[in-house]
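Notes for the one structure printed next.
Every chain is numbered from 1, with letters handed out A, B, ... down the list of sequences.
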Protein chains: 2
Amino acid sequence: MSASRTKPQGRPSATDHAAIERAAFALFEAQGFDETTMEQIADAVGVGRRTLFRYFPSKNDIPWGQFDESLRHFREQFDAVPDDVPLAETVHRCVIAFNDFDEASMPQHRVRMRLILTTPALQAHSALRYEAWRAVISEYVGRRLSMPADAPLPRLVGHVSLALAVASYERWLAHPDTRLTEVFAESMVELRAYLTSG
Amino acid sequence: MSASRTKPQGRPSATDHAAIERAAFALFEAQGFDETTMEQIADAVGVGRRTLFRYFPSKNDIPWGQFDESLRHFREQFDAVPDDVPLAETVHRCVIAFNDFDEASMPQHRVRMRLILTTPALQAHSALRYEAWRAVISEYVGRRLSMPADAPLPRLVGHVSLALAVASYERWLAHPDTRLTEVFAESMVELRAYLTSG
DNA sequence: TCCTTTTTGGCGCTCGGTGCCATAAAGTAT
DNA sequence: ATACTTTATGGCACCGAGCGCCAAAAAGGA
């Protein structure tokens, strides 16, 4: 009943998500994503191909790691913001907080995002992951405005927030000397200027 | 040298894009996209499976029809706008013009977009098509602002314009009685309100 | 030692997608 | 009519992702 270590039963796991990610990223870096087969990854990890599909539902999901957990954290960001903060300000803050990683993990994060944003197969697959990310925003906006999360405005805010985030990531990847959180802020400033300029 | 019918040479084509689209959409409607195999489509068209892949590079591309031609038209929209029209206004007008279809073709367009926007495999694939659409916008914005098309601002405008378009399509699909062009305008108004509200 | 639990991983299959190539079906020149 | 050229077809074999099935492995507990 406690949250600590539960006694493992049955056959122990032969690997874990982190080990698979490491082996996979090494191969992706060395020979490219498309050129790497699941069999090669399985061999590198020292596990059967079939087992790989139990840890990651698809090859495309490997670069995303444990995105579901990140989304849980994303939701908590929203819960932590007081209700008197303006809506757009809240969304902007939380999006930045979501992408405010430990400085030490930034290099790895850069590799991950470069892979996702430059590999066509992953660009395509990302749409499915982005959807869940947008849903977090839509749900919050819906709650704040007392309307369903799938109403036009909440969804619009989700889409535009994502657009801003992806554009920011592209900018961040192109300029190694920039900080992710600052790039987000700049993008927002530019968007407001674009929309309000004559 | 004239633009009219060129004398066909060699073996005549056994089918064309339109015929494949018709057969495919009928099957997609009847049994779903994922449940329809390329072999079934080939049989329905009365052509070999191999031939299908010469007309469409992938199954995912069939619902998009001849999107490349649409993009050519999209580019022409921008060329037709005088330079004294404000940038954001120009982009907004052209995006609306791009989606201003013949009233008679709207029902078919609805079917197509519903398929694309609700089928996971197609949602994913769309990212690749959207990229080319965004590029048209980025190139224009880059030209107007005398900067490369892949500079941050042009790309940001491309991403946000797409976000607005997709959100508008979702709204249009959910409300059969609305007009596509009007929905786009409403989304823009809501976006400005969202970003400028306190 | 047997039983239960859990994971592994091999096997076989489907389906999208591709390279290869012989062949069909047209026009054209002799 | 025959031969040549051009272009499209479509069969065949192959690859890789992904999945259902299931026997076997590897642990703990009785």
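Counting only distance, with no hydrogens or angles, the side chain of A/S138 and the backbone of A/P154 share a donor-acceptor pair below 3.5 Å.
Side-chain proximity of B/R54 to the nucleotides C/dG16, C/dG9, C/dC21 is greatest for C/dC21. Minimum atom distance to the side chain of A/P12 is reached by D/dA26, of the listed D/dA26, D/dA17, C/dG27. With distances taken from any side-chain atom of B/Q9 to the nucleotides D/dT9, C/dG27, D/dA17, the minimum falls on C/dG27. The side chain of A/R50 sits closest to C/dC11 out of D/dA17, C/dC11, D/dG28.
Residue B/H125 contributes atom NE2, which lies 14 Å from atom P of C/dG16 at whole-angstrom precision. Here the P atom of nucleotide D/dG16 and the CG atom of A/D34 are 12 Å apart, to the nearest Å. If you measure from atom CD1 of A/I41 to atom P of C/dG9, you get 15 Å, rounded to the nearest angstrom. In this structure, CZ of B/F53 is placed 18 Å from P of D/dA13, rounded to the nearest angstrom. Whole-Å rounding puts the B/R49 CZ to D/dG11 P distance at 11 Å. The separation between A/E39 atom CD and D/dC19 atom P is 17 Å, rounded to whole Å. Per the geometry, CD belonging to A/Q40 stands 8 Å off P belonging to D/dG16, to the nearest Å. When the C1' atom of C/dT8 is taken as reference, atom CG of A/L52 falls 12 Å away, rounded to whole Å.
The aromatic rings of B/W172 and B/H109 lie tilted to each other, with the angle between the two planes from 30° to 60°. Ring geometry for A/F184 versus A/Y169: interplanar angle over 60°, hence perpendicular rather than tilted (30 to 60°). Taking the six-membered ring where the residue is Trp, A/W64 and A/F67 present perpendicular rings, their angle passing 60° and hence far from 30°.
Contact annotation for A/T51: base contact, defined as any heavy-atom pair under 4.0 Å involving a base atom. If you check every strand for non-hydrogen atoms under 4.0 Å, A/G48 touches sugar and phosphate atoms only.
At D/dA17, none of the side-chain N or O atoms of A/S58 fall inside 4.0 Å of OP1 or OP2 (strictly under the cut-off). At the phosphate of C/dT7, neither OP1 nor OP2 sits under 4.0 Å from any side-chain N or O atom of A/Y55.
A centroid separation of less than 6.0 Å is found between the aromatic rings of A/F56 and A/H17.
When each of B/G10 and B/K59 is assigned the nucleotide of DNA chain C with its nearest heavy atom, B/K59 is the one assigned upstream, toward the 5' end.
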